[in-house]
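Below you'll find the structure, written out as structure tokens, and then a few comments.
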Amino acid sequence: MSDNRRDFLKKGTLLGLSGLASALIGKDKMDKLEEVSNQLENTPAFKLPKLPYAYDALEPFIDKQTMEIHYTKHHAAYVNKLNETPSTNIDYMSDDATKCKQLDKLASPVIRNNLGGHVNHSLFWILLKPNPQSAVNLPSGKIAEAITKDFKSFEEFKKEFTEKATKIFGSGWCWLIVQNGKLKITTTPNQDNPYMQFATDRGTPVLALDIWEHAYYLKYQNKRADYINNWWNIVNWETAEKLFTTK
Ligand code: MN
């Protein structure tokens with residue numbers, strides 16, 4: 001447990017014992033603090049999920065070094081920062097999507113960025129397919145049907161997604177989401193995601209593409225379009241189908 005978490009727990013416990021503290025900071029706030037302390041005590045900290053394949057499993061489309069740095073440095077940093085920064089705004093017992101939904105516009109930027117960073121990368125990894133085949137990588141099943149229904153054809157969908165991802169200004173994410181039963185392509189800045197209340201388009205993600213330079217710069221430098229075009233070869237449509245049918 002980090003020092004910050006320990007201090008936070010200690011503070012919560014002390015406040016819980018003190019009627020004076022209760023009077024000073026207000027009973028509601030104290031109850032909430034105590035509740036979060038209890039949750040933290042009983043909940044494991046955020047954990048870096050295991051990468052379900054080797055760092056070189058996405059070669060030649062995403063290189064080994066990028067994967068290793070992305071996972072062990074970037075994603076790990078989001079997780080560590082979250083664990084160092086306990087928040088009274090998060091129900092630690094809830095799932096990732098619910099935790100994101102709980103954030104409002106006034107949420108601390110540290111929580112917003114690092115919770116988003118953790119949740120987004122957790123999705124990104126499982127939506128990549130290791131050991132890419134030489135055959136064209138296409139969706140099948142219910143998600144394929146829905147794409148054809150909502151975008152006219154897979155080619156139309158791919159064109160719109162590629163265009164929106166390429167045009168993101170600065171760092172962000174491109175998503176395929178389910179919104180009111182329909183598929184929609186949307187983007188978010190920084191580490192925001194479509195679960196968050198303040199997202200332009202809210203919904204359940206079924207595809208996630210990281211457009212931060214750290215996701216492609218070592219191999220592709222300024223050629224973001226090449227990274228995106230190559231990403232289509234390693235989309236894990238089986239995972240997308242699962243996310244789509246269990247949304
Ligand atoms: Mn990233």
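Since we're looking at a predicted model, the values are computed, not measured. We count ligands from 1, going down the list as the structure has it; atoms in each ligand are counted the same way.
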Original post:
Is the number of heavy atoms from other residues, nucleotides or ligands under 6.0 Å of Lys64 NZ greater than 12?
Top reply: no
**OP:** Take the Mn ion (ligand 1) as the centre and count protein N, O or S atoms at distances under 2.8 Å.
**Re:** 4
**OP:** Measure the spacing between CH2 of Trp125 and OG1 of Thr239 and express it to the nearest 0.5 Å.
**Re:** 14.0 Å
Subject >> Spacing of CG belonging to Leu209 relative to OH belonging to Tyr227, to within rounding of 0.5 Å >> reply: 4.5 Å
**OP:** Please say whether the positively charged group of Arg224, taken as NZ for Lys or CZ for Arg, lies over the ring of Tyr217, i.e. under 6.0 angstrom from the six-membered ring centre and within 45 degrees of the axis.
**Re:** no
**OP:** State plainly whether the residues Lys184 and Asp201 are in salt-bridge range, i.e. N to O under 4.0 Å.
**Re:** yes
Subject >> Any donor-acceptor N or O pair under 3.5 Å, side chains Asn233, Asn137 >> reply: no
